[in-house]
Amino acid sequence: MSEPKSNELMEKIVSLCKRRGFIFQSSEIYGGLNGFWDYGPLGAELKRNIKELWWRSMTQLRDDVVGLEATIIMHPRIWEASGHTSTFSDPMVDCLLTKKRFRADQIEPQSGLAYHYSGAKAEDGSLHSQPYSVLVAPGKPPESARKAARLFYEQRGIKVQELVGETGEKVENTTRYNPENGSLLTEARAFNLMFKTYVGPVESEENLAYLRPETAQAIFAQFKNLLDVSRQKVPFGICQIGKAFRNEINPRNFTFRSREFEQMELEYFIKPDDVVEQAAGSLARLQADTDLSTPQPNWGWEVWHKYWVEQRIRWYESIGLPRSAFEEYWQKKEELAHYAKATVDLLYKFPFGTQELEGIAARGDFDLAQHQKFSGKSMEVFDEQAKAKGRRAHYLPHVIEPSAGVDRLILALICHAYHEEQAPDEKGNLEWRVVLKFHPRVAPIKVAVFPLLKNRPELVEKAQAVREWLRPHLSVFYDEAGAIGRRYRRQDEAGTPFGVTIDFDTLGETPALKDTVTLRDRDSMKQERVPIAELLSRLLERIR
Ligand code: GAP
C-alpha cells in the first residue's frame with residue numbers, strides 16, 4: 001500500500017476505535033496525555049479475550065508452564081542486576097529552537113544547505129558568540145534560516161542587531177537538524193526510559209523505585225520460589241501478563257509505542273547445552289528438517305528457540321493472524337542485546353510500516369547469573385539423576401523468552417480485521433460497509449440478538465428470552481433500535497461474528513419454522529434458519 005493510503009487507513013482505524021469505543025486517548029477532557037490510552041467497552045473485551053487465550057495456551061493447555069502475577073514496583077536492585085539502570089536508555093536530542101525532543105535514531109536523514117552562524121551582535125554593540133545552524137531545503141532562500149537564527153539568539157535574551165559569520169554548506173543525509181523546522185539539535189544524550197517513583201513518604205535517593213519496564217525480571221527474581229512450589233523440572237516455563245512502563249521519548253503510531261502498556265511474557269528455562277549432552281548422550285542442533293512438533297530431551301538451545309518461534313506463530317494463526325501477515329526477522333550479531341545469543345522479531349505489516357509485534361530471545365543464563373551475583377542467593381538447580389550418575393548436578397538454566405505486547409497485538413488485530421466493502425442493503429442496493437473481521441475467538445461480542453421489530457412485544461419477549469439463554473455461555477449484545485439492516489451494520493463495525501434475528505416465523509407464522517431463528521454470518525452475510533434448540537451448540541462450535 002502506498003504511503004498516503006496507509007496514513008488514510010490509519011486515520012480511519014483510529015477514528016473507528018474512538019467512535020465505537022475500542023480505544024480512547026487517556027485524560028482526553030484535559031487535552032490527553034501523550035503515550036497513554038484507555039480501552040472502552042469493546043476494547044476492554046477484546047483485550048480480556050486476548051489475554052485469556054494467551055494464558056490458556058501457555059498454562060492450561062501445557063503441563064510445563066506455570067503462571068506468576070508479581071508487583072509492578074520491585075526492589076530497585078532488580079534493575080541494577082538486570083542492567084536496566086545503566087543501559088535501558090535511548091539516545092535523545094532536543095531542538096535548540098522549540099525544545100521538542102526526538103529519539104536520535106528515529107530522525108530521517110535529510111539533505112540541503114546548512115547555514116552556520118558564529119554568533120550575533122546585539123543592539124547595544126555586544127557580541128554573543130554561541131554558534132548555531134539551520135538546515136534549509138535545496139533551492140530555498142536563506143531568509144528562513146536567518147529568521148530561525150534571530151529567534152534562537154532572541155530566545156537567549158539578545159536584542160539582535162545582526163547575525164555574525166554566516167556561511168553556507170551543502171550537507172547530505174544528516175540527522176543533526178529538526179526535520180520539522182530545520183533548527184540544529186543538541187548532541188545525543190542517553191535518556192533512561194524507566195519511570196521513577198518513591199516508596200514511602202520521603203523522596204530520598206534510598207527510597208527511589210521504578211515502575212517495571214518489563215514483566216520478565218519478576219520471573220527471574222522469583223525463580224527459586226516458583227521452582228520449589230511448582231515441582232517442575234527443567235525444561236519448564238514461567239509466564240506472566242502485566243503492565244509495563246517506559247518513558248518513551250516519542251510515543252507514536254497510535255498505541256504502537258506507548259508509555260504504559262501490557263506485556264505477555266514467558267521465560268522458558270532449559271538445560272545448558274553441555275548438561276543436555278551429558279544427560280542425553282547427544283545434542284540436537286537445529287537442522288532444516290528438525291521436527292519441532294514434540295520437545296525432545298536432547299534439544300539444544302537453538303532447537304528450543306526455533307520451537308518457540310513456531311509455537312508463537314501457530315498461536316497467532318489460532319486467533320486469526322495468518323503466517324503470511326508476519327515477517328520473521330533474525331537479528332544480526334551486531335544488533336543483539338548484550339545478553340542475547342539470538343533474537344527473532346515477529347514483525348507485523350501495520351499500515352504505518354512493518355514493525356515488531358513480539359520478540360523471541362535466547363537469553364542464555366544472563367538474568368539468573370546476574371540475580372545470583374547481585375542478591376548473593378543461588379539460582380542454580382540441582383539434578384538428582386545427574387548426581388546419581390556422577391555427572392554435573394548443579395547448573396544455571398538458560399532461557400528462551402517469547403515476549404509479546406498486548407496493545408500492539410490489539411492494534412494488529414484491528415488493522416487486520418478492518419475491511420471496507422460493498423454490500424446490498426435490505427432493498428438490494430449496494431452500499432459501503434465497514435466490517436471488522438475478527439476471528440470469533442477474539443471478537444469482543446460473539447453474538448447479537450435482534451427482534452425484527454421493537455414495537456411487537458411478542459418478538460421482543462422471545463428475543464430477550466434467547467438472549468438470557470445464550471448469556472451464560474457467550475458475550476451477547478441485544479439491540480432493538482432502528483431498521484434491522486442498520487443494526488447489522490453496527491455489529492459489523494464492532495466485529496460481532498454472528499447475528500440472530502427473531503421474526504414472525506420464530507413465533508410460528510409459518511408453522512414449520514416455529515422456534516427457529518435466522519443466523520447471520522458477519523463475513524459472508526449469508527443467513528440460515530436454525531432451530532433455537534441448536535443455536536448454542538452451532539455458535540460454540542464456530543467460536544471455540
Ligand atoms: N523482556 C523483553 C522485552 O521487554 P521488548 O522487545 O523490549 O522485550 C517486548 O518488549 C514486547 O513488548 C515488544 O515486542 C512489544 O510488543 C511490547 N512493547 C515494548 N515496548 C512497547 C511500547 N513502548 N509500547 C507498546 N508495546 C511495547
Side-chain angles (χ1 to χ4, degrees), residues 25-39 44 47 51 55 66-90 92 94 101 103 189-230 238-251 255 257-267 337-339 363 366-379 399 401 403 405-407:
Q25 204 181 8
S26 160
S27 324
E28 199 188 79
I29 57 166
Y30 293 100
L33 192 58
N34 199 7
F36 296 88
W37 301 94
D38 294 339
Y39 288 81
K47 207 174 198 198
K51 290 194 286 184
W55 188 260
V66 295
L68 172 69
E69 183 136 350
T71 57
I72 285 168
I73 294 175
M74 296 185 280
H75 199 290
R77 291 274 286 166
I78 286 185
W79 307 112
E80 281 176 43
S82 66
H84 281 82
T85 28
S86 54
T87 62
F88 192 58
S89 54
D90 279 337
M92 170 189 75
D94 296 324
R101 192 155 276 183
R103 241 176 83 169
R189 349 188 255 294
F191 171 74
N192 194 294
L193 299 183
M194 285 195 294
F195 279 100
K196 290 179 183 164
T197 188
Y198 296 92
V199 174
V202 184
E203 292 191 9
S204 62
E205 223 13 62
E206 60 273 22
N207 290 338
L208 185 64
Y210 302 94
L211 305 193
R212 67 181 176 201
E214 61 170 22
T215 58
Q217 290 306 321
I219 296 177
F220 298 123
Q222 288 287 14
F223 173 70
K224 268 311 189 59
N225 274 335
L226 290 157
L227 179 70
D228 289 347
V229 298
S230 66
I238 302 168
C239 69
Q240 178 166 216
I241 299 178
K243 290 270 188 182
F245 301 81
R246 295 183 190 179
N247 200 359
E248 297 283 356
I249 297 169
N250 264 344
T255 56
R257 192 173 300 287
S258 309
R259 288 178 164 142
E260 175 176 340
F261 55 96
E262 263 183 289
Q263 289 186 314
M264 305 186 287
E265 296 201 292
L266 166 70
E267 307 303 323
H338 55 287
Y339 52 76
R363 297 178 74 115
F366 174 83
D367 303 273
L368 289 183
Q370 284 293 101
H371 288 299
Q372 179 165 276
K373 186 168 144 200
F374 277 71
S375 69
K377 308 268 173 8
S378 167
M379 290 286 167
V399 170
E401 177 196 62
S403 170
V406 181
D407 310 78

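Model, not experiment: these values are computed from the prediction.
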*Asks:* Using side chain to side chain contact (heavy atoms under 4.5 Å, CB included), reason through Phe195 and Glu260 one step at a time and then give a plain yes or no.
*Replies:* CA-CA 10 Å; Phe195 279 100; Glu260 175 176 340; over 6 Å; no
*Asks:* Under the 3.5 angstrom rule, does the side chain of Arg77 hit a backbone N or O of Phe374 as a donor-acceptor pair?
*Replies:* yes
*Asks:* Measuring from atom CD of Gln240 to atom OG of Ser403, what distance do you get when rounded to the nearest 0.5 angstrom?
*Replies:* 11.0 Å
*Asks:* For the side-chain contact (heavy atoms from CB on, under 4.5 Å) test, which of Asn207, Leu208, Val202 pairs with Glu205?
*Replies:* Leu208
*Asks:* Quick one: does Met74's side chain get under 4.5 Å of Trp79's, heavy atoms only?
*Replies:* yes
*Asks:* Hey, what do you get for CD1 (Ile241) to CG (Leu266), rounding to the nearest 0.5 Å?
*Replies:* 11.0 Å
*Asks:* Taking the side chain as C-beta and beyond, is there a heavy-atom pair between Asp94 and Arg189 under 4.5 Å?
*Replies:* yes
*Asks:* Indicate whether the side chain of Ser82 and that of Gln217 have a donor and an acceptor atom separated by less than 3.5 Å.
*Replies:* no
*Asks:* Could you tell me the separation between the CG atom of Asn192 and the OH atom of Tyr210, rounded to the nearest 0.5 Å?
*Replies:* 7.0 Å
*Asks:* Taking atom CD of Glu267 and atom CG of Asp367, what is their separation to the nearest 0.5 Å?
*Replies:* 7.0 Å
*Asks:* How close do Trp55 and Cys239 get, counting heavy atoms only, and between which atoms?
*Replies:* CZ3-SG, 3.8 Å
*Asks:* Heavy atoms only: give me the nearest Ser27-Leu33 pair and the separation to one decimal.
*Replies:* OG-CB, 4.3 Å
*Asks:* Can you find a heavy atom in the side chain of Gln25 that is under 4.5 Å from one in the side chain of Trp37?
*Replies:* yes
*Asks:* Shortest non-hydrogen contact from Gly67 to Leu226?
*Replies:* O-CD2, 4.3 Å
*Asks:* Can you name the closest pair of heavy atoms from Pro251 and Gly35 and give their distance?
*Replies:* CB-CA, 3.6 Å
*Asks:* Write down the atom of Val66, the atom of Ser230, and the distance for their closest heavy-atom approach.
*Replies:* CG1-CB, 3.9 Å
*Asks:* Starting from the C-alpha separation in whole Å, work towards a yes-or-no answer on side chain to side chain contact (heavy atoms under 4.5 Å, CB included) for Lys224 and Ser378.
*Replies:* CA-CA 8 Å; Lys224 268 311 189 59; Ser378 167; 4.0 Å; yes
*Asks:* Would you sort out whether Asp407 and Lys47 count as a side chain to side chain contact (heavy atoms under 4.5 Å, CB included), showing the intermediate values?
*Replies:* CA-CA 8 Å; Asp407 310 78; Lys47 207 174 198 198; 3.6 Å; yes
*Asks:* Tell me the closest heavy-atom pair linking Glu265 and Ala216, and the distance in Å.
*Replies:* OE1-N, 2.7 Å
*Asks:* Look up atom CG in Leu368 and atom CD1 in Ile219, then write down how far apart they are to the nearest 0.5 Å.
*Replies:* 11.0 Å
*Asks:* With respect to Arg246, which candidate in Glu214, Arg212, Met194 satisfies the side-chain contact (heavy atoms from CB on, under 4.5 Å) definition?
*Replies:* Glu214
*Asks:* What's the verdict on side chain to side chain contact (heavy atoms under 4.5 Å, CB included) for Phe261 and Lys243, showing C-alpha distance, side-chain angles and the deciding distance?
*Replies:* CA-CA 6 Å; Phe261 55 96; Lys243 290 270 188 182; over 6 Å; no
*Asks:* Could you pull out all residues at least two apart from Tyr339 that satisfy ring-ring contact (aromatic ring centres under 6.0 Å, His included)?
*Replies:* Phe366
*Asks:* Considering only heavy atoms from C-beta outward, does the side chain of Met264 approach that of Thr215 to under 4.5 Å?
*Replies:* no
*Asks:* Once rounded to the nearest 0.5 Å, what's the spacing between atom CD of Glu248 and atom CZ of Phe191?
*Replies:* 9.5 Å
